[in-house]
Amino acid sequence: MDTPNTPDSAQLMEQILYEVKRVVVGQDRFLERVMVAMLAQGHLLVEGVPGLAKTLTVKTLADVVRGRFKRIQFTPDLVPADLIGTRIYNQKTGDFSPSLGPVFANLLLADEINRAPAKVQSALLEVMQERQVTIAGESHKVPSPFLVMATQNPIETEGTYPLPEAQVDRFMMKVLVDYPTDEEEYVIVERVTGPAVTVQSVATTDQLAALQAQCRNVYVDPSMVQYAVKLVSATRTPEKHGIKGLAAFITYGASPRATIGLVEGARALAMLRGRSYALPEDMTDLVPDVLRHRLVLSYEGLADGLDADALIERIMAAITPPAKPLEHEKRAA
């Protein structure tokens, strides 16, 4: 199997990004996070106002890697069977046969996930963690690779349900998508109103699975794992790390899933950047995305107008990342 920085794997990832960028204008940081989640086999929670190409990005990516794409519009009247499937009675045979739901896809877009009640949201828990669903006591594996991307609209809160903490924690990252620049918006209008662009399928799901396997071989120095542990620990017990006055603003800190997400994310980002080893900046770039949805702010923190990003900034300022490895250490890695 290729090592993570071989020309073959680097060229394949470049081709995938090139094809997606033929359709999607701007949103480079968001697209990078989608690729990181895909390589690290994590799920993505995306928050942004409507019309920022969230659906288009995932659909285009599915076309490029020849994967199955399904979109579920979450609404208050949705039931778990609409998501995972159910059993249907066959009159000819007299048996019940499973009818599999839309979660059986490679790329699943859960649009406006906070519009569905907790019962439906919890139906996603098993499939996100175990990559399987249970229908009438029988387990069914979802296709591999499998990525859930859920979107939330930050504008409207009427008729929405807050996501359960256990489910939020299963998302590797929460990415905030912003408006395009004036120049990007000009190109968007030109592309949408001009001739339709047909994307080419440049990879297969098998090749994507091979890239995921290669990603696990990217070297992460123990000092960086220690840095991830310290960052996550500081969200639970800030005083232990010399950060005074922060504990009053946080009710609950991040779970060990955050530490795993930081290490796996650093691996994937290093691989995207063409390296077989992770550098401290690969991890620090992802810290806000991995931690922001896992911090539960106290009433005092909310009353002071603080948000998770402001607290993460203070934690990152107090805990210094490890030094970059020297050239001979990189080669040894």
Side-chain angles (χ1 to χ4, degrees), residues 1-46 48 52-69 105-109 144-149 151 172-173 175-178 180-181 183-185 187-188 190-192 194 196-218 264-279 281-283 285-286 289-290:
M1 187 178 280
D2 299 328
T3 51
N5 60 344
T6 56
D8 285 350
S9 57
Q11 192 181 356
L12 183 59
M13 286 187 292
E14 203 175 296
Q15 284 176 334
I16 292 169
L17 284 167
Y18 173 77
E19 282 300 321
V20 177
K21 281 173 182 285
R22 285 180 61 214
V23 176
V24 181
V25 180
Q27 303 295 11
D28 290 350
R29 191 174 162 280
F30 169 50
L31 183 54
E32 185 182 63
R33 296 303 183 263
V34 174
M35 289 296 290
V36 165
M38 188 167 273
L39 289 173
Q41 301 179 57
H43 305 295
L44 208 59
L45 182 60
V46 184
L52 297 183
K54 300 185 291 289
T55 308
L56 180 66
T57 301
V58 184
K59 188 178 186 313
T60 307
L61 191 59
D63 290 340
V64 171
V65 298
R66 295 186 200 133
R68 288 178 63 194
F69 168 77
N106 298 112
L107 287 155
L108 175 70
L109 181 72
S144 181
F146 177 70
L147 168 71
V148 173
M149 193 179 104
T151 67
M172 181 184 171
M173 292 182 286
V175 182
L176 306 178
V177 183
D178 208 354
T181 62
E183 293 79 14
E184 286 169 349
E185 195 157 347
V187 180
I188 289 167
E190 273 198 322
R191 281 201 195 167
V192 173
V197 177
T198 308
V199 295
Q200 303 295 317
S201 297
V202 297
T204 63
T205 50
D206 288 342
Q207 285 175 304
L208 189 57
L211 287 175
Q212 289 176 338
Q214 287 173 33
C215 186
R216 299 306 296 266
N217 296 326
V218 173
E264 296 284 16
R267 269 186 176 143
L269 200 50
M271 187 171 165
L272 269 179
R273 291 169 175 175
R275 279 183 271 105
S276 59
Y277 53 89
L279 290 177
E281 55 261 36
D282 296 324
M283 190 172 283
D285 281 0
L286 294 172
D289 295 324
V290 174

From [X] [atom1] over to [Y] [atom2], what is the distance, rounded to the nearest 0.5 angstrom?
{"X": "Met271", "Y": "Gln214", "atom1": "CE", "atom2": "CD", "value": "4.5 Å"}
{"X": "Leu107", "Y": "Thr57", "atom1": "CG", "atom2": "OG1", "value": "11.5 Å"}
{"X": "Arg33", "Y": "Asp285", "atom1": "CZ", "atom2": "CG", "value": "6.0 Å"}
{"X": "Leu39", "Y": "Met13", "atom1": "CG", "atom2": "CE", "value": "6.0 Å"}
{"X": "Glu264", "Y": "Met283", "atom1": "CD", "atom2": "CE", "value": "10.0 Å"}
{"X": "Leu176", "Y": "Leu52", "atom1": "CG", "atom2": "CG", "value": "11.5 Å"}

Give the intermediate values and the outcome of side chain to side chain contact (heavy atoms under 4.5 Å, CB included) for residues Val24 and Leu31. CA-CA 9 Å; Val24 181; Leu31 183 54; 5.7 Å; no

Report, as yes or no, whether the 6.0 Å neighbourhood of atom CD on Glu281 holds more than 12 heavy atoms from other residues, nucleotides or ligands. yes

Can you name the nearest heavy-atom pair linking [X] to [Y], along with the distance?
{"X": "Ala270", "Y": "Tyr277", "answer": "CB-O, 3.4 Å"}
{"X": "Arg191", "Y": "Lys21", "answer": "NH1-O, 2.8 Å"}
{"X": "Leu44", "Y": "Leu147", "answer": "N-CD1, 4.4 Å"}
{"X": "Ala266", "Y": "Asp282", "answer": "O-CB, 3.8 Å"}
{"X": "Leu208", "Y": "Pro145", "answer": "CD2-CG, 3.6 Å"}
{"X": "Cys215", "Y": "Arg267", "answer": "O-CD, 3.4 Å"}

Arg29: salt bridge (charged side-chain N to carboxylate O under 4.0 Å, His left out) partners, not counting sequence neighbours: Asp289

Just one of Leu109, Val175, Leu45 clears the side chain to side chain contact (heavy atoms under 4.5 Å, CB included) bar with Met149, so which one? Leu109

May I have the step-by-step check of side chain to side chain contact (heavy atoms under 4.5 Å, CB included) for Arg68 and Thr205, ending in yes or no? CA-CA 9 Å; Arg68 288 178 63 194; Thr205 50; over 6 Å; no

Test item: Ser201 side-chain N/O and Asp63 main-chain N/O as donor-acceptor pair under 3.5 Å: yes

Please determine whether side chain to side chain contact (heavy atoms under 4.5 Å, CB included) holds for the pair Phe146 and His43, giving the CA-CA distance in whole Å, both sets of side-chain angles, and the decisive distance to 0.1 Å. CA-CA 9 Å; Phe146 177 70; His43 305 295; 4.0 Å; yes

Applying side chain to side chain contact (heavy atoms under 4.5 Å, CB included) to Val20 and Val199, what does each step give before you reach the verdict? CA-CA 7 Å; Val20 177; Val199 295; over 6 Å; no

Can you list everything that forms a side chain to side chain donor-acceptor pair (under 3.5 Å) with Glu19? Sequence neighbours excluded, please. Arg22

[X] vs [Y] side-chain heavy atoms within contact, under 4.5 Å:
{"X": "Leu269", "Y": "Glu32", "answer": "yes"}
{"X": "Leu61", "Y": "Met38", "answer": "yes"}
{"X": "Ile188", "Y": "Pro180", "answer": "yes"}

